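Worksheet: the structure to be examined is printed underneath.
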Amino acid sequence: MKVKMLSRNPDNYVRETKLDLQRVPRNYDPTLHPFEVPREYVRALNATKLERVFAKPFLASLDGHRDGVNCLAKHPKNLATVLSGACDGEVRIWNLTQRNCIRTVQAHEGFVRGICTRFCGTSFFTVGDDKTVKQWKMDGPGYGEEEEPLHTILGKTVYTGIDHHWKEAVFATCGQQVDIWDEQRTNPICSMTWGFDSISSVKFNPVETFLLGSCASDRNIVLYDMRQATPLKKVILDMRTNTICWNPMEAFIFTAANEDYNLYTFDMRALDTPVMVHMDHVSAVLDVDYCPTGKEFVSASFDKSIRIFPVDKSRSREVYHTKRMQHVICVKWTSDSKYIMCGSDEMNIRLWKANASEKLGVLTSREKAAKDYNQKLKEKFQHYPHIKRIARHRHLPKSIYSQIQEQRIMKEARRRKEVNRIKHSKPGSVPIVSEKKKHIVAVVK
Amino acid sequence: MTANRLAESLLALSQQEELVDLPKDYLLSGSEDEGDNDGEREHQKLLEAISSLDGKNRRKLAERSEASLKVSEFNVSSEGSGEKLVLADLLEPVKTSSSLATVKKQLNRVKSKKTVELPLNKEEIERARTPLEQEIFNLLHKNKQPVADPLLTPVEKASLQAMSLEEAKMRRAELQRARALQSYYEAKARREKKIKSKKYHKVVKKGKAKKALKEFEQLRKANPAAALEELEKIEKARMMERMSLKHQNSGKWAKSKAIMAKYDLEARQAMQEQLAKNKELTQKLQVASESEEEEGGTEEVEELLVPDVVNEVQMNADGPNPWMLRSCTSDTKEAATQEDPEQLPEPEAHEVSESEGEERPVAEEEILLREFEERRSLRKRSELSQDAEPAGSQETKDSSSQEVLSELRVLAQKLKENDQSRKQKASSEGTIPQVQREEPAPEEEEPLLLQRPERVQTLEELEELGKEECFQNKELPRPVLEGQQSERTPNNRPDAPKEKKKKEQMIDLQNLLTTQSPSVKSLAVPTIEELEDEEERNQRQMIKEAFAGDDVIRDFLKEKREAVEASKPKDVDLTLPGWGEWGGVGLKPSAKKRRRFLIKAPEGPPRKDKNLPNVMINEKRNIHTAAHQVRVLPYPFTHHWQFERTIQTPIGSTWNTQRAFQKLTTPKVVTKPGHIINPIKAEDVGYRSSSRSDLSVIQRNPKRITTRHKKQLKKSSVD
């Protein structure tokens, strides 16, 4: 008689080494796992809710400045080091991990208008209201040494901004004109003007490093090529642009923070139509900075809040605010893309998580897998009304909230008027202008 | 016939028991009385002793011989005088005194009157003078209360007589024995209960069931009333079963079995068994009602098996059962039952029975029964006489009981013979009646458990049964009942001419013949298939009956029509009554006006179920589900099926392999904390050869970026 025995091949369930994953026998028969869509929907809903539960973005506030923080700069080589210039001419260097100030430099008399680091991270430049450009060593002075800049350049006019080339020993300042300087010289290599108004900010393109853009008070954004003596082209908008920021991953994309509460993302090849108009702020946008991944950017506004926009979305995905935070003047996204810093009127630098509900610290592989899965689920079901509502819901300060309502009314009124005008005039006589094109006055080459 | 005999013996026993029961009830009181008697005796003795103690003194007082002038106020003595004391002498002075004349008169009057003897003789008592007395006497008579001696009723008397000391001792011994037996039994039961073997218990249970069935069968034959009770119990059990969730595969055990049932044959069988049990327990006992047409026959058989008197007596004891009460006992018997045991039924009946016995079986039976009754009463009397002389009672009792038994046996024999002879007669009369008689036999063999306890009484009740049965049986019961009655009426009048009776019987048979032929036929050719067919038909019929009231299709059509009406857009009537014309109660706006102000609703789009007769489509949007549905096609999708497909593809590890899950869930951009992400360079995307040392962003879709960069770079180079 033959006796039937259960026999298994150990290869099927014994792992070869301890480091191998445990084999988990699973039956993937779809009939055994019904209702995949509803189940995933529920999971997505739960993930969304949990995301809102765990959304605690505020990390730290760095205080020490004795006046409003006017500008911020990242250290190119060190994540933990941040430089900030205040309205009283003081520059402070901060250690983010320890959350304290490492070094304080009284750099200028009056405002520190701009600050930037050299690409190597050994020194930094500041410009101030005292018409000087100063280069400072990143490290503090040795024992017995005095706190002195490496170089000081005395200019004829006030400089309002400065940026350093990403690869070469060249920097650009802006004031009445854009000057491009060699570090070794006291005179600019070239200075470019287009129009006669003061230029508020100048930025080098991090990818195509010879390109730079500037924005002036006469409502235009001008693009320059360092290798040419004249500016490339400019676009005139409805209102003044405060700053621009280049996308570090897409060389021809930049975003401009405008006084008309909007941000405009331009493709420098086609300036007549912005790629995207980002609307959500209820007051002038003062600063913008790209995430190093190039997918998002953060904007600081006069409405006492900072917002995070995806590059391809016109609405912000996140808004950060605290009761004590006043008009936010400058904002920076750290180089590891995890944190956001913002300097505001009330002398504080605040540190935020870029992803509000993200868990800090080391994640186990299972945690990571769960996080990824939840993220994907949220993405997949983001259009479902319930999930959308929960994901979009934010608490806002009353001022912002009421202003949003007000502006909605105004916008609706304008739209209605436009519609009426179109309706009551000869067809074709009133052109229909899209929201993107509406704010562009002209493009000049 | 053995059963018959057995029944008789049982009956006799029960009678005996009844007799025994009587004193049993008064046992306590009897013993108390006895105790009292003893006490009295002792008391008497004591009194005597006491009196003897100080009686001497008194005697001494009385024996005083010397003359004394002491006058005691307690006794009058004539000792000193030497002559006897006479009342007249004492009364002499009273006579003379005039003041006592009236008293004397009264005394004389009393003397002249006849004294009332006690106890009063019967006439004296029975004579009721006043209406109140009459009433009281009436009451007393009715309740068989003693009129003369108010202390003891005849029953009490009997009980007093019944209980002697020896008997009491015997009884006590018996009780002790019974108690001991009970304790043994309990111990045994406990021991058996402890046995853990399931098989053993199963076997025991089965045996018990079998035994119970057997007993029931016997009981049914011996004592239909008790059987009926039993049946009622069964019915009650059925009701309980129907109410409870037992055996419905809903318990914990059943659920666990249900899980295993798919793989385990045994578990499946167990579940099936349970369900079968449930079915069995909840099955209605319909056989009796179904075989209504055989009722006459069965009853006859019952009559054969069990003498009516037996039934009758039991019924009377049992309580009102109209179906049993209507049976055929004669007046004489009733009289016999009512009569006191002392007053025996006269042997005339006996004679009559002898004269009629050979001629008519039914009548003979009757006579036999009467004999039986007689004997019973005789036995009772003998017992009573035994009570009267308790000495040597045991032996006589035994002998008498044996006698009774032997007599019973003889009786049973006779009954048997009678039956056989009658059967023969019937067979000589024709084959059909035999069929008639034998038909119920198979029915009889079936366990009576399955039969219905109550008989179908009216046509309405009959109709409640299956329609087919009704169809077959509707005409049947009446003739059968008639037959019964016709059979019974002569029983009531044993003097009636027998020829007429025979005729009646013949008519009955014919009646039965004409009506019963189909059923006989069906019985003659019993096939399984037919039975199954019938069951099926039954089932269908039942379903039809159950849903007779509702016409589903018409209901559906009506519902659909209503839904269509409701979904149609309504006309708007803007007519204002009284506007531009006279208004008021009973006045209607003119047709013209109504026509003018009635805004016809536009015809809506055709309903989706317009051409689908069996379908009703609700075109209203369900807001509860709408809250979970995407209203607008999201941006990157150009067609809804694209979106649906993305939604329908699950990404979880529940539906995908580990690898696929990982691939599906990797984010587009992965950043490492603490790593600086530098701006993109041409080298990063492979445009120029370079070391990719400081690449810290891992792009998941480098292809797209490369193309973009290529484009961009091309452009820049062109520029």
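Computed over heavy atoms, backbone and side chain alike; hydrogens, waters and symmetry mates excluded. Throughout, a chain's letter reflects where its sequence line sits, starting with A, and its residues are numbered from 1. Quick caveat, the model's predicted, so the values are computed rather than measured.
Not a single donor-acceptor pair under 3.5 Å links the side chain of A/Lys376 to the backbone N or O of B/Pro667. Looking only at distances, a side-chain donor or acceptor of A/Lys380 sits under 3.5 Å from a matching main-chain atom of B/Thr649. In this structure, A/His386 contributes its side chain and B/Ala627 its backbone to a donor-acceptor pair below 3.5 Å.
For A/Trp246, no part lies under 4.5 angstrom from a heavy atom of chain B. There is no contact between A/Lys371 and chain B, counting heavy-atom distances below 4.5 Å. There is no contact between A/Leu360 and chain B, counting heavy-atom distances below 4.5 Å. Heavy-atom distances place the backbone of B/Gln658, and not its side chain, under 4.5 Å from chain A. Heavy atoms closer than 4.5 Å to chain A are found in the backbone of B/Ser653, but not in its side chain. At a 4.5 Å heavy-atom cutoff, the contact between B/Thr646 and chain A is made by backbone atoms alone.
Your options are A/Lys338, A/Glu40, A/His33, and the one with the most heavy-atom pairs under 4.5 Å with chain B is A/Glu40.
Across all their heavy atoms, A/Trp166 and B/Pro679 have their closest contact at CZ3-CG, 3.6 Å.
Residues A/Arg43 and B/Thr654 are in side-chain contact: their nearest non-hydrogen atoms beyond the backbone lie under 4.5 Å apart.
Here B/Lys681 contributes atom NZ and A/Lys167 contributes atom NZ; the two are 6.5 Å apart, rounded to the nearest 0.5 Å. With rounding to the nearest 0.5 Å, the separation of CD in A/Glu36 from CG in B/Asn656 is 10.0 Å.
The number of heavy atoms from other shown groups lying within 6.0 Å of CD1 (B/Ile599) is above 12.
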